[in-house]
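The residues of the chain are indexed from 1 along the displayed sequence. Predicted model only: the values in this text are computed from it and were never measured. Basis for what follows: all heavy atoms, side chains included, without hydrogens, waters or symmetry-related copies.
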Amino acid sequence: MNDYDALRDYLKKQTLPEFVLTFEQIEEIIDAALPRAAHRASWWDSLRSPQEKMPQREACLEGGYVATRQADGSSVKFRKIARDSRRASERDRF
């Protein structure tokens with residue numbers, strides 16, 4: 001179990017096509033403080049450098065969402081992945 005399993009599980013339960021969570025809300029979900037690096041947009045970007053495996057990105061993808069840090073620097077938008085593209089990205093990982 002990694003620090004972001006709780007985020008993955010939270011995302012799997014969501015039904016909205018997209019929604020925003022503040023860093024504070026994410027910290028409540030994972031029951032831990034986010035690292036300083038979380039304030040960088042690239043830390044959240046699920047589609048950037050897909051070969052670079054990062055636990056927070058993997059949790060989002062496994063939860064069925066791509067994440068994008070918002071311009072306010074303190075929240076993240078989660079957008080649901082279309083089923084077919086999620087299957088394709090899972091195939092590509094193996």
Note to self: Using the rule given for side chain to side chain contact (heavy atoms under 4.5 Å, CB included), can you reason through Glu58 versus Tyr4, listing the C-alpha separation, both sets of side-chain angles and the distance that settles it, and then say yes or no?
What the structure shows: CA-CA 9 Å; Glu58 294 296 308; Tyr4 300 96; over 6 Å; no
Notebook entry, point to check: Backbone N or O of Thr68 within a donor-acceptor pair of the Gln70 side chain at under 3.5 Å?
Noted result: yes
Note to self: I'd like to know if Arg8 pairs up with Asp5 as an ion pair, taking the criterion as any Lys NZ or Arg NE/NH1/NH2 lying under 4.0 Å from an Asp or Glu carboxylate oxygen.
What the structure shows: yes
Check: Cluster question for you: counting only ILVMFWY and a side-chain heavy-atom cut-off of under 4.5 Å, with indirect links fine, are Leu16 and Val20 together?
Finding: no
Notebook entry, point to check: Per the side-chain contact (heavy atoms from CB on, under 4.5 Å) rule, which among Met54, Lys77, Arg57, Arg69 passes with Trp44?
Noted result: Arg69
Margin query: Show the nearest heavy-atom pair for residues Phe78 and Leu11, with the distance to one decimal.
Written below: CD2-CD2, 3.8 Å
Note to self: As an exercise, state the distance from CD of Gln56 to CG of Asp3, rounded to the nearest 0.5 Å.
What the structure shows: 10.0 Å
Check: Taking all non-hydrogen atoms of both residues, which atom of Phe23 and which atom of Val76 are closest, and how far apart?
Finding: CE2-CG2, 3.5 Å
Notebook entry, point to check: How long is the span from the CZ atom in Phe19 to the CD atom in Gln25, to the nearest 0.5 Å?
Noted result: 9.5 Å
Could you list the donor-acceptor pairs under 3.5 angstrom formed by side chains in residues 26-40, with sequence neighbours left out?
residue	atom	partner	partner atom	Å
Glu27	OE2	Leu34	N	2.9
His39	ND1	Gly73	O	3.4

